[in-house]
Amino acid sequence: MSTRFGLHIATGPRNGYGLVAAASPAAVISVGEGGALLEAWEKSNRQTVTIFREQTVFHDAPLGIDHMTTDQARAVADHVWPQLMASYRLNPADFYQPTNETGGDNRKSLANIFAFETRLMELAEAEDEPVHLAVASPAGGSPGDWDIWVDLFVPHIRRAGSGGHIYNRHAYGGVVEGSSGFLTKAGPAPEDANAGRPFREAEFLRQQGIFTPMIITEAGQNAGFRFPGRTPFIEDMARYDQLCQQHSNIWGFCSWTYGKYLDFPANIQPASPRMAQYLHQQGGATRPAYPEPAVVDTGII
């Protein structure tokens with residue numbers, strides 16, 4: 001892949017998106033409606049990896065899952081799967097993200113979420129045409145306790161890889177105290193631990209022989225609340241692209257965000273021509289092949 005640059009799509013205006021989609025971004029995630037994904041597929045000649053996040057069956061996780069047992073969480077997965085599949089059939093994508101920014105550093109909550117997602121993976125794999133999920137989806141910098149990530153996330157990510165699923169997480173600049181608000185600084189290097197967390201995880205996973213692909217489904221400046229302007233945005237994303245390309249198990253990062261995020265001025269649409277130009281300069285993305293679980297990979301390309 002010559003670029004890992006991708007796009008996050010929320011509901012609302014996305015003027016210029018078609019230009020960027022035609023330049024073959026690495027990945028596109030759309031939340032709530034899949035039209036942007038079909039456009040990316042068609043205009044990129046299916047080089048762009050697409051992800052859909054459903055929000056009508058439940059928003060970020062089933063209500064009350066924090067207080068369930070793991071058996072109850074698995075039972076909830078059985079209950080909601082037909083509803084999820086009905087939505088997935090209407091919004092075709094390569095991968096489907098069932099939960100979002102849940103669990104934090106709460107081991108019980110995470111155990112329930114992962115029991116729920118594991119059952120969803122089992123159901124997805126049992127479909128006549130297997131469905132692939134984008135699992136875990138921790139918030140930027142989460143969990144704060146690295147041991148929790150190692151103890152709970154790593155086995156879950158390994159399990160995802162055995163079924164052709166992917167791991168997704170978030171990364172933001174401007175969350176850590178003293179951060180400039182950007183994802184990167186000169187070097188290039190991550191601006192802070194939040195922005196750099198995906199790279200620490202990607203390297204650790206490879207060291208464990210786990211090559212489950214990762215896509216950073218939200219990557220943004222200023223904690224996601226404010227678009228930093230065309231030139232700073234493109235310069236920051238180009239540096240982040242360089243950092244992502246050092247890790248073969250990171251397939252892409254989705255720039256936050258097209259569309260309207262609450263009432264915050266976060267829409268990246270003013271940068272559409274610059275994003276398309278950048279992708280053309282990079283030669284666009286080439287769809288990666290999903291790795292076999294046993295393949296030995298150095299992780300650096």
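The shown structure was predicted, so the numbers you read here are calculated from the model rather than taken from an experiment.
For the atom pair CD1 of Ile9 and OG of Ser30, the computed distance is 6.0 Å after rounding to the nearest 0.5 Å. The distance from atom CE of Met68 to atom CD1 of Ile113, rounded to the nearest 0.5 Å, is 9.0 Å. Rounding to the nearest 0.5 Å places OG1 of Thr3 at 6.0 Å from CD of Gln245. Here the straight-line distance linking atom CG of Asp241 with atom CD of Gln246 works out to 11.0 Å at 0.5 Å rounding. In this structure, the separation between CD1 on Ile157 and CG on Asn249 is 10.0 Å, given to the nearest 0.5 Å. Rounded to the nearest 0.5 Å, atoms CZ (Arg206) and CD (Glu201) are 12.0 Å apart.
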> Is there a salt bridge (charged side-chain N to carboxylate O under 4.0 Å, His left out) between Asp78 and Arg119 once you walk through the steps?
Replying inline: CA-CA 7 Å; Asp78 285 312; Arg119 181 56 181 154; 2.9 Å; yes
>> Please evaluate residues Tyr17 and Glu39 with respect to the criterion side-chain contact (heavy atoms from CB on, under 4.5 Å), reporting the C-alpha separation (whole Å), side-chain torsions for both, the decisive distance (0.1 Å), and the verdict.
In response: CA-CA 9 Å; Tyr17 167 72; Glu39 189 171 0; 3.5 Å; yes
> Going through the checks in order, is the side-chain contact (heavy atoms from CB on, under 4.5 Å) test met by Met214 and Ile216?
Replying inline: CA-CA 7 Å; Met214 177 198 302; Ile216 305 165; 4.2 Å; yes
> Under the side-chain contact (heavy atoms from CB on, under 4.5 Å) criterion, do Ile215 and Val49 qualify, and how do the steps go?
Replying inline: CA-CA 10 Å; Ile215 292 181; Val49 176; 3.9 Å; yes
> Given Arg107 and Asp151, is the salt bridge (charged side-chain N to carboxylate O under 4.0 Å, His left out) satisfied, shown in steps?
Replying inline: CA-CA 10 Å; Arg107 284 179 178 264; Asp151 293 345; 3.0 Å; yes
> Stepwise, does the side-chain contact (heavy atoms from CB on, under 4.5 Å) test hold for Lys108 with Asp66?
Replying inline: CA-CA 7 Å; Lys108 176 176 170 53; Asp66 290 350; over 6 Å; no
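Cluster membership for Phe227 and Met275, using ILVMFWY side-chain heavy atoms within less than 4.5 angstrom, is shared. Leu38 and Val28 are assigned to two separate hydrophobic clusters, defined by single-linkage of ILVMFWY side chains at heavy-atom distances under 4.5 Å. One hydrophobic cluster holds both Phe58 and Met121 under the rule that ILVMFWY side chains link at heavy-atom gaps under 4.5 Å. Leu279 and Leu19 fall into different hydrophobic clusters, defined by Ile, Leu, Val, Met, Phe, Trp and Tyr side-chain heavy atoms under 4.5 Å apart, directly or through other members. Both Val135 and Val80 are members of a single hydrophobic cluster when ILVMFWY side chains are connected at heavy-atom separations under 4.5 Å.
Between the Asn112 side chain and the Ile65 main chain, a donor and an acceptor come within less than 3.5 Å of each other. Formation of a donor-acceptor pair under 3.5 Å by the Trp256 side chain with backbone atoms of Glu218 is not found in this model. Remark: side-chain polar atoms of Arg4 are paired, donor with acceptor, to backbone N or O of Cys244 under 3.5 angstrom. Put simply, the side chain of Thr118 gets close to the backbone of Phe114: a donor and an acceptor are under 3.5 Å apart. Ser44 places a side-chain N or O within donor-acceptor distance of the main-chain N or O of Ala40, the cut-off being under 3.5 Å. Without hydrogens or angle criteria, Glu33 side chain to Gly35 main chain gives a donor-acceptor distance under 3.5 Å. No donor-acceptor pair under 3.5 Å is formed between the side chain of Asp236 and the backbone N or O of Phe182. Looking only at distances, no side-chain donor or acceptor of Gln221 sits under 3.5 Å from a matching main-chain atom of Gly181. Under the 3.5 Å distance criterion, the side-chain polar atoms of Asn100 are left unmatched by any main-chain donor or acceptor of Asp60. A distance-only check finds a donor-acceptor pair linking the side chain of Ser272 to the backbone of Asn15 [under 3.5 Å].
Ring geometry for Tyr240 against Phe199 counts as tilted: the plane angle lies between 30° and 60°, on a 0 to 90° scale. Below 30°, between 30° and 60°, or above 60°: for Tyr167 and Phe153 the angle between ring planes is above 60°, a perpendicular geometry.
The environment of Asp147 atom CG is dense: over 12 non-hydrogen atoms of other residues, nucleotides or ligands sit within 6.0 angstrom. Annotation: Leu63, atom CG; neighbour count of heavy atoms from other residues, nucleotides and ligands within 6.0 Å does not exceed 12.
Contact of the Trp81 side chain with the Leu120 side chain is registered, since non-hydrogen atoms from C-beta on lie closer than 4.5 Å. At a threshold of 4.5 Å between non-hydrogen side-chain atoms, the residues Phe204 and Val154 count as touching. Counting heavy atoms from C-beta on, the side chains of Tyr258 and Thr11 never come closer than 4.5 Å. Val20 has its side chain out of reach of Pro273: every pair of non-hydrogen atoms, C-beta onward, lies at least 4.5 Å apart. Side-chain contact check for Asn194 versus Arg197: every heavy-atom pair is 4.5 Å or farther apart. Side-chain contact check for Ser179 versus Asp192: some heavy-atom pair is nearer than 4.5 Å. Residues Phe52 and Ser87 have side chains in contact (heavy-atom distance under 4.5 Å, counting atoms from C-beta outward). Phe211 places none of its side-chain heavy atoms less than 4.5 Å from the side chain of Tyr290.
Checking Trp41 against Gln47 by side-chain atom types alone, no donor-acceptor pair falls below 3.5 Å. Tyr88 and Glu54 share no donor-acceptor pair across their side chains, judged by distance under 3.5 Å alone. Side-chain contact of His247 with Glu203: a donor-acceptor pair under 3.5 Å is absent, judged by distance alone. A donor-acceptor contact closer than 3.5 angstrom links the side chains of Arg274 and Thr231. Thr99 and Glu117 share a side-chain donor-acceptor pair at under 3.5 Å. Side-chain atoms of Asn168 and Ser137 form a donor-acceptor pair, as typed in the model, at a separation below 3.5 Å. Using modelled atom types and a 3.5 Å distance limit, the side chains of Asp94 and Thr50 yield a donor-acceptor pair. Counted by atom type alone, Asn222 and Tyr172 present zero donor-acceptor pairs between their side chains at under 3.5 Å. Side-chain contact check for Arg159 and His165: no donor-acceptor pair (N or O, by modelled atom type) lies under 3.5 Å.
For the pair Gly141 and Arg169, the tightest heavy-atom approach, listed with the atom from each and the gap, is N-NH1, 3.7 Å. In terms of heavy atoms, Ala23 sits closest to His280 at CB-NE2, 3.7 Å. Closest of all the heavy-atom pairs between Tyr261 and Ala266 is CB-CB, 4.4 Å. In plain terms, the two heavy atoms of Gly229 and Pro232 that are nearest each other are O-CD, 3.4 Å. Of all non-hydrogen atoms in Leu7 and Pro25, the two that sit nearest each other are CD1-CG, 4.2 Å. Counting all heavy atoms, side chain and backbone alike, Ala93 lies closest to Leu37 at CB-CD1, 3.8 Å.
Applying side-chain contact (heavy atoms from CB on, under 4.5 Å) to Leu183 and the options Arg239, Met237, Glu191 leaves one that passes, Met237.
Cation-pi check for Arg230 over Phe233 is not met; the charged atom does not lie both under 6.0 angstrom from the ring centroid and within 45 degrees of its normal. No cation-pi contact links Arg200 to Trp149, judged by a cut-off of 6.0 Å to the six-membered ring centre and 45° from its axis.
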